Amino acid sequence: MAEVTTDIHAEARNLCAANPIIPVVVIDDPAHAVEAGKALLAGGIACAELTFRTAAAAEVIKEMVAVEGLTVGAGTVVNVEQARRALDAGATFLVSPGFSAAVAQFASDESIPYMPGTVTASEITAALDYGFETLKFFPAVASGGLPVVKALSAPFPQVKFVATGGIGTKNIAEWITNPAIASVGGSWMISRDDVANQRWDQITKLSTEAVALVEEARK
């Protein structure tokens, strides 16, 4: 098994440090990708996780990476075929809802940051075996929330989590200020419905509000 380089470790950590909010984005029509990306940027969010939940995912990534100033990764990557398509489309990081040894090996071989989903000590250990230390914690609230994060942080102090699932405006502050949390994610600021109906001003408004909540919490 190949272990990721320290450069990839640094890329993942730097990505999260620069982007405390990484929205989880589902777009059905590639024609909406550019405007959706611009709407996020206008609201102060400069990173997006485009999910492989639609047949158009790779094409959406290809379109969105053209938005200057926006970092685009691929989410819901559950196999190597999706990971390869995401990389070919221009994605600069990969995220999975669970841990995949095959995707971990691919990411290591291709030197691309990978954040596999982990909610148990066994999953974290598996990710660490491949050298990945910035991990997705999903579904965050349903899996026990911050008490579980605190418990896991004791035996795994080197791990930082990107938490998604059940996080929104009411609890983002407590999550983003936890020392084990590198970033938080969600779709409330860019819903599938808002994208489909081209509500770009709404996406910008909700993104601005989310950024403001993080900035206030971190004061």
Side-chain angles (χ1 to χ4, degrees), residues 4-27 30 32-54 56-77 82-97 103 106-108 110-117 132-138 160-164 167 172 175-176 181-192 195 200 203-204 206-208 210-215 218:
V4 299
T5 67
T6 53
D7 286 343
I8 300 179
H9 282 313
E11 284 182 41
R13 290 290 166 90
N14 291 341
L15 172 72
C16 293
N19 300 281
I21 302 174
I22 301 178
V24 178
V25 185
V26 183
I27 297 179
H32 295 154
V34 170
E35 291 304 319
K38 289 180 177 179
L40 287 172
L41 272 177
I45 293 178
C47 186
E49 174 193 330
L50 268 295
T51 69
F52 267 81
R53 299 180 190 176
T54 73
E59 186 61 30
V60 170
I61 291 170
K62 185 177 180 180
E63 293 295 322
M64 192 172 276
V65 296
V67 179
E68 186 175 355
L70 188 68
T71 300
V72 180
T76 321
V77 176
Q82 289 177 333
R84 186 173 289 111
R85 288 171 59 205
L87 196 59
D88 289 345
T92 56
F93 64 93
L94 304 175
V95 183
S96 294
V103 176
F106 174 84
S108 178
E110 296 294 331
S111 297
I112 183 170
Y114 173 51
M115 291 174 271
F132 294 97
E133 297 180 354
T134 303
L135 311 176
K136 180 166 181 155
F137 186 68
F138 171 84
K160 299 294 182 184
F161 296 103
V162 177
T164 64
I167 298 173
I172 189 173
W175 279 90
I176 200 60
I181 301 300
S183 297
V184 297
S187 58
W188 77 90
M189 76 293 291
I190 181 166
S191 72
R192 192 174 188 171
V195 172
W200 312 129
I203 293 169
T204 295
L206 294 175
S207 297
T208 301
V211 170
L213 287 170
V214 169
E215 291 176 347
R218 287 183 160 181

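Only a predicted model underlies this, so the values are computations on that prediction, with no experimental measurement involved.
- Judged by distance alone, with hydrogens and angles left aside, the side-chain atoms of T92 form a donor-acceptor pair with the main-chain N or O of V72 at under 3.5 Å.
- Of all the heavy atoms in M115 and F93, the pair that sits closest is CE-CD1, 3.6 Å.
- Scanning both residues, A48 and L40, for their nearest heavy atoms gives CB-CD1, 4.0 Å.
- Nearest heavy atom pair, residue P97 against residue T76, reads CD-CA, 3.8 Å.
- Between F106 and L87, the closest heavy-atom pair is CZ-CD2, 4.0 Å.
- In this structure, CD1 on I176 lies 11.0 Å from CG on L213, to the nearest 0.5 angstrom.
- Listed here is the closest heavy atom pair of A33 and E63: CB-CB, 3.6 Å.
- Considering only heavy atoms from C-beta on, S187 stays 4.5 Å or farther from V26 through its side chain.
- At least one donor-acceptor pair under 3.5 Å links the side chain of S96 to the backbone N or O of V77.
- Between the R85 side chain and the A57 main chain, no donor and acceptor come within less than 3.5 Å of each other.
- Looking only at distances, no side-chain donor or acceptor of S207 sits under 3.5 Å from a matching main-chain atom of G44.
- Atom-to-atom distance recorded for T51:OG1 and I61:CD1 is 8.5 Å, nearest 0.5 angstrom.
- In terms of heavy atoms, L70 sits closest to C47 at CD1-N, 3.6 Å.
- Classification of the F137-W175 ring pair by plane angle, with boundaries at 30° and 60°, yields tilted.
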